[in-house]
Amino acid sequence: MSTEATDTTDKTLVPIEWLPQGKVRFLDQTLLPNEERWVEIDDYRLIAEAIRRLQVRGAPLIGIAGAYGLALAAAAGDDVEAAAAELRSTRPTAVNLSWALDRCLHAVDGLTGGDSVRERLTAEAMAIHEEDIAANHRIGKHGAALLGNAHVLLTHCNAGTLATGGYGTALGVIRSAHTDGRVQRVYVDETRPLLQGSRLTAWELERDGISCTVIVDGAAGSYIRRAEIDAVITGADRIAANGDVANKIGTYPLAVLANANNVPFYVAAPTSTIDLSLASGDEIPIEERPREEVTSVRSEPIAPIGVEAENPAFDVTPNEYVTAIITENGVARAPYTRTLRAVSTREVPVRG
Ligand code: MRU
């Protein structure tokens, strides 16, 4: 069942929540910035659909949504393993989704009673959500310190409150630096094809009173070369053990441009985005999305009907272009094979 309502009053935005009556409520991101529509659902299949359609998107947020999806499945008496398989299949690149599903399945390993499984999955999903928000605030603090005198920043896609449990990763760093009065302006790549930069990041920044300027993706290089950008900062969908970073398509050229112009390129991500099981970024699965996302905008064709098009949703930035990776447990720098392991193996809170 799905009910919809409009709410424009909430200032401290949390893009998804578990409702006491056993439903999930989320902000439909496909409609932003034109409409703030909240959707309430009680069927995990609709969570899977929302992830596929990018109504909820961003690596940490799809992990949280997946965890809430399992809680819905248990509440409805659905097969939890089958629900996990369906949720897992929705988007392949962001490791946070598998990470969250595995953590939830592990939490109910050995439990048999329907009620205890339901209660445990709900508690685990809420814990994942709360921990993500707390991690983002810590990322924000570490990142703001790292930025130092970098006052003009450039970001790509949306790694904000909308992509996480709340507060954001790259935008969490920017929010934290802004709270300290140290952000002059944020340049926002529009982020073709689905415009997460102009639709979502600019919306978030304006909402928080942070000065921002939207530019087309192809303009970023000129701004970087003219020394108008002090630092580039993005989020990540998956980080391999050697520090190669998968993120929204267009991140790799940005990193190369930053590197060629001696501008730092920072990645902000929780440790749940680090996949130590993959030696390098070559092993990261890259999602291929429908060609229509490239050849049309909001169903309006912008290319000849039937023309060939390809739509890889992510690219991989080799570690040599990454100045530092900001996590909740500290800032990792090269050699990443050692430092990412160190930030990842810090004690994770275990809930009984
Ligand atoms: O396709 P999307 O919108 O889910 O892509 C999102 C990104 O690439 C983000 O930069 C990434 O998930 C990090 S979000 C904190």
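Note: hydrogens, waters and symmetry copies are ignored here, and every other heavy atom, side chains too, is used. As the structure lists them, so they are numbered: ligands from 1, and atoms in each ligand from 1. Quick caveat: nothing in here was measured; it's all calculated off a predicted structure.
For CG of N34, the number of neighbouring non-hydrogen atoms (other residues, nucleotides, ligands) closer than 6.0 Å is greater than 12.
By the rule that hydrophobic residues join a cluster once side-chain heavy atoms approach within less than 4.5 Å of another member, M126 and Y44 end up as members of one cluster.
Between I41 and I47 the shortest side-chain heavy-atom distance falls below 4.5 Å. Residues V245 and Y321 are not in side-chain contact: their nearest non-hydrogen atoms beyond the backbone lie 4.5 Å or more apart.
The list of salt bridge (Lys or Arg N to Asp or Glu O under 4.0 Å) pairs with a residue in residues 214-228, not counting sequence neighbours, reads R226-E228.
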Worked verdict on N311 versus R291 for side chain to side chain contact (heavy atoms under 4.5 Å, CB included) | CA-CA 6 Å; N311 187 13; R291 55 180 285 288; 5.5 Å; no

Distances only, to 0.1 Å: what are the N or O pairs between ligand 1 and the protein that fall under 3.5 Å?
| unit_1 | atom_1 | unit_2 | atom_2 | d |
| --- | --- | --- | --- | --- |
| ligand 1 | 1 (O) | R91 | NH1 | 3.4 |
| ligand 1 | 1 (O) | R91 | NH2 | 2.8 |
| ligand 1 | 1 (O) | K248 | NZ | 2.7 |
| ligand 1 | 3 (O) | R57 | NE | 2.8 |
| ligand 1 | 3 (O) | R57 | NH2 | 3.2 |
| ligand 1 | 3 (O) | Q196 | NE2 | 2.9 |
| ligand 1 | 4 (O) | G58 | N | 3.0 |
| ligand 1 | 4 (O) | R91 | NH1 | 2.7 |
| ligand 1 | 8 (O) | D237 | OD1 | 2.9 |
| ligand 1 | 8 (O) | N247 | OD1 | 3.2 |
| ligand 1 | 8 (O) | K248 | N | 3.3 |
| ligand 1 | 10 (O) | N247 | OD1 | 2.7 |
| ligand 1 | 12 (O) | A59 | N | 2.9 |
| ligand 1 | 12 (O) | D237 | OD1 | 3.1 |
| ligand 1 | 12 (O) | D237 | OD2 | 3.1 |

